[in-house]
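Presented below is the structure to which this report refers.
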Amino acid sequence: MKTVIAQGTFDILHPGHVHYLTDAAARGDELHVIIARRENVTHKAKPVLPDRQRRDMVAALDVVDEAHLGHPEDIFVPIEEIQPDVIVLGYDQHHDADGIRSALEARGIDCAVERASARQPNYEGELLSTGRIIERILRERVE
């Protein structure tokens with residue numbers, strides 16, 4: 001059995017997330033998704049939705065076998081527990097694939113690190129970014 005890990009914030013689920021997770025799931029037999037805890041998100045705005053809600057929404061997707069909250073202090077703890085064959089990074093995630101490979105090797109974790117494919121909008125106005133969804137809400141709903 002080939003185990004795959006995907007990870008991210010998954011604040012407001014959108015078609016870009018579904019594409020990423022579907023792409024990751026296609027690379028193995030079992031997909032585990034690690035959802036970043038709010039306090040660990042430092043590279044962008046903190047998520048709007050609570051940790052457990054984001055985990056539960058990701059877990060509800062058919063392509064996901066298990067969804068986990070990330071470790072509060074060490075992002076590699078769930079990876080050590082799951083022992084994946086492949087970690088699939090989102091095509092636009094800020095992570096340095098070579099840096100992750102080095103950290104995995106230092107911890108004795110033998111797995112590949114790959115990038116998911118990009119997804120382009122299927123029609124005009126389709127939003128593939130949580131940030132863009134929030135911007136539109138603020139623009140169109142806030143008086």
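All values below were derived from every heavy atom in this structure, side-chain atoms included, with hydrogens, water molecules and symmetry-related copies excluded. Just so you know, these numbers come straight off a predicted model, no measurement behind them.
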Does [X] [atom1] have over 12 foreign heavy atoms under 6.0 Å away?
X      : atom1 : value
Asp62  : CG    : no
Arg139 : CZ    : yes
Arg115 : CZ    : yes

key: Partner set under salt bridge (Lys or Arg N to Asp or Glu O under 4.0 Å) for Asp65, not counting sequence neighbours   =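 Asp65: no salt bridge (Lys or Arg N to Asp or Glu O under 4.0 Å) contacts found.
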key: Residues which pass salt bridge (Lys or Arg N to Asp or Glu O under 4.0 Å) with Glu39, listed by chain and number, not counting sequence neighbours   =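 Counting only residues at least two positions away or on another chain, Glu39 forms no salt bridge (Lys or Arg N to Asp or Glu O under 4.0 Å).
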query = For Ala36, does its backbone N or O pair with a side-chain atom of Arg54 as donor and acceptor, under 3.5 Å?
reply =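 Indeed, once roles are kept as given, a pair shorter than 3.5 Å links the two residues.
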query = Hey, does the side chain of Asn40 reach the backbone of Glu73 with a donor-acceptor pair shorter than 3.5 angstrom?
reply =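 The answer is no, because no donor-acceptor pair under 3.5 Å joins these two groups.
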In the hydrophobic clustering (ILVMFWY, side-chain contacts below 4.5 Å, transitive), which residues join [X], or is it alone?
X      : answer
Ile34  : Ile5, Ile75, Phe76, Ile79, Ile82, Ile87, Leu89, Ile100, Leu104, Ile109, Val113
Val88  : Val4, Phe10, Leu13, Tyr20, Leu21, Leu31, Val33, Ile35, Met57, Val58, Leu61, Val63, Val64, Leu69, Val86
Tyr91  : none
Leu128 : none

Validation row: [X], [Y] side chains within 4.5 angstrom (heavy atoms):
X      : Y     : result
His43  : Val41 : yes
Ser117 : His19 : yes
Arg107 : Asp74 : yes
Thr130 : Thr9  : no

Could you pull out all residues at least two apart from [X] that satisfy side chain to side chain donor-acceptor pair (under 3.5 Å)?
X      : answer
His71  : none
Asn122 : none
Gln83  : none

ask   = Got a second to check how far Lys44's NZ is from Asp11's CG, nearest 0.5 Å?
value =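 Atom-to-atom, Lys44:NZ and Asp11:CG are 7.5 Å apart.
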task = Find the distance between CG (Asp96) and OG (Ser102) and round it off to the nearest 0.5 Å.
result =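 Answer for the CG-OG pair, Asp96 versus Ser102, is 8.0 Å.
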task = Sorted by first residue and then second, give each salt bridge (Lys or Arg N to Asp or Glu O under 4.0 Å) pair with at least one member in residues 15-24; sequence neighbours left out.
result =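 Matches after skipping sequence neighbours: Asp23-Arg27.
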key: Qualifying residues under ring-ring contact (aromatic ring centres under 6.0 Å, His included), relative to His14, sequence neighbours excluded   =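 In terms of ring-ring contact (aromatic ring centres under 6.0 Å, His included), with neighbours along the sequence ignored, His14 is linked to His17.
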query = With sequence neighbours excluded, what pairs up with His32 under the ring-ring contact (aromatic ring centres under 6.0 Å, His included) test?
reply =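 In terms of ring-ring contact (aromatic ring centres under 6.0 Å, His included), with neighbours along the sequence ignored, His32 is linked to His68.
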task = Locate the shortest heavy-atom distance separating Ala6 from Ala24; write the atom from each residue and the value.
result =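 Heavy-atom minimum between the residues: CB-CB, 4.1 Å.
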